[in-house]
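Below: the structure, in structure tokens.
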Amino acid sequence: RAHRTPPPHRPRLPQPRQLPATHAPHRRRTHPATPTGSVKSHLCHTEAIPRRYDPMNLSRRPSSLIIVLLVVAAGCSPVPAVTPTPSPTYACIPEAGGEAVPCGPIEYEQSQRRDALYAEAEVVYRRFRAERERLQLSANPVMTAELEAVTAGGFREMVARALEQAQGRNRLSGQADVVWVRRLPGLSMSGSIVALTVCTDARGVRFANPSGAPTPGVAIDHRFYMARDAGGLLRIVDSESRTVESC
């Protein structure tokens, strides 16, 4: 059976051609590479939209795709900058007086109450002074209802004694001038809640003198301390004074 003996060398069948890998650098691409960016970056650029995409045929697209497109489109729009609203600026007068300075809303409310108190105190003082000026024209001054309305406590008693000492010493000529009225913060006497310092110049005034020639007036620096009574009225409750060369 020599005819069944296989030939010494069997011919090798040809192998099919191996295709190159998809990432081979020498392979020629027939279509553009798929972008690798985020969904938002793809949709924000028109070149990333597939050529077969038909924007007029949204009825065939899933509803989820429409929602994604709307959300991403909104993300592509620029967000306008928010301008902060400036806080209101208030002007407060310092307690000692002077020019108004910028302040906050709480300080402004406190300043308004303080200004009203000092304004009320000045009204009380000017009522007291006007009545004292009127009584200086009398040779026999006495306590009046107006003086009682603006005084209280030890200060009222002191005014009553001064009126007794002024008997026969009425004003003959001239008029005392109020040079200034200023706030006096941080000081209190006899339970006062507000104080004023006042300088009056009476150097041009002449007063009668029972024992001789008329007496000239002087310049005086006064301090008036005020408190509220049980009815809430502001009254002068104490005072200090000193003679000065000028105001």
Side-chain angles (χ1 to χ4, degrees), residues 74-75 77-136 144-159 162 175-204 217-247:
S77 303
V79 179
V82 179
T83 303
T85 303
S87 58
T89 302
Y90 299 88
C92 301
I93 298 177
E95 185 173 1
E99 298 295 330
V101 296
C103 61
I106 297 178
E107 293 82 359
Y108 179 75
E109 293 180 3
Q110 296 173 347
S111 175
Q112 291 294 298
R113 291 193 295 267
R114 185 172 61 240
D115 294 347
L117 180 59
Y118 277 110
E120 184 182 0
E122 184 170 349
V123 170
V124 172
Y125 160 72
R126 291 191 179 278
R127 285 179 60 186
F128 168 76
R129 179 182 181 276
E131 185 66 5
R132 285 288 286 119
E133 288 289 308
R134 188 184 71 82
L135 291 175
Q136 284 180 354
T144 64
E146 178 66 7
L147 287 178
E148 290 180 347
V150 295
T151 62
F155 181 74
R156 181 183 296 174
E157 297 176 359
M158 183 176 62
V159 171
Q175 180 74 34
D177 298 323
V178 177
V179 180
W180 43 255
V181 178
R182 297 173 182 168
R183 299 178 178 186
L184 194 60
L187 295 180
S188 177
M189 291 183 66
S190 303
S192 64
I193 61 173
V194 63
L196 296 176
T197 175
V198 181
C199 191
T200 57
D201 190 351
R203 290 175 297 177
V218 296
I220 301 177
D221 182 5
H222 305 269
R223 290 181 177 182
F224 295 96
Y225 301 89
M226 306 181 196
R228 296 195 184 280
D229 61 10
L233 297 177
L234 195 64
R235 302 172 186 265
I236 304 173
V237 295
D238 214 332
S239 72
E240 296 176 309
S241 62
R242 62 188 181 95
T243 302
V244 295
E245 293 183 2
S246 63
C247 295

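In this chain, residues are counted from 1 in sequence order. Any value given below was found using the heavy atoms of this structure, including those in side chains, with hydrogens, waters and symmetry copies removed. All values reported here derive from a predicted model rather than from experimental measurement.
Considering all non-hydrogen atoms of both residues, Ser190 and Val237 come closest at O-CG2, 3.9 Å. Looking at every heavy atom in both residues, Gly191 comes nearest to Ala227 through O-CB, 3.6 Å.
One finds the OH atom of Tyr225 at 5.5 Å from the CG atom of Leu184 (value rounded to the nearest 0.5 Å). Once rounded to the nearest 0.5 Å, the distance linking CZ of Arg183 with CZ of Arg114 reads 6.5 Å. Distance OH/Tyr90 to SG/Cys103: 9.0 Å, rounded to 0.5 Å. Atom CZ in Phe128 sits 10.0 Å away from atom CD in Glu133 (nearest 0.5 Å). Annotation: the span from Asp221 atom CG to Glu245 atom CD amounts to 13.0 Å, rounded to 0.5 Å. Atom CD of Glu120 and atom CZ of Arg228 lie 4.0 Å apart (nearest 0.5 Å).
If you check the side chains of Asp201 and Ser246, you find no donor sitting under 3.5 Å from an acceptor. When only modelled atom types and interatomic distance are considered, Ser239 and His222 share no side-chain donor-acceptor pair under 3.5 Å.
Surrounding CZ of Arg129 are more than 12 heavy atoms belonging to other residues, nucleotides or ligands, all under 6.0 Å away.
Just one of Arg127, Arg132, Arg134 meets the side chain to side chain donor-acceptor pair (under 3.5 Å) condition when paired with Glu146; it is Arg127.
When side chains are defined from C-beta on, Leu147 counts as touching Leu135, because their heavy atoms get closer than 4.5 Å. Arg235 has its side chain within reach of Arg156: a pair of non-hydrogen atoms, C-beta onward, lies under 4.5 Å apart. Between Leu233 and Val124 the shortest side-chain heavy-atom distance does not fall below 4.5 Å. Looking only at side-chain heavy atoms (C-beta outward), Leu196 and Met226 come within less than 4.5 Å of each other. By the 4.5 Å heavy-atom criterion applied to side chains, Val178 and Tyr125 are counted as neighbours.
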Start with the C-alpha distance between Thr197 and Leu187, add both sets of side-chain angles, then the distance that settles side-chain contact (heavy atoms from CB on, under 4.5 Å), and finish with yes or no. CA-CA 11 Å; Thr197 175; Leu187 295 180; over 6 Å; no

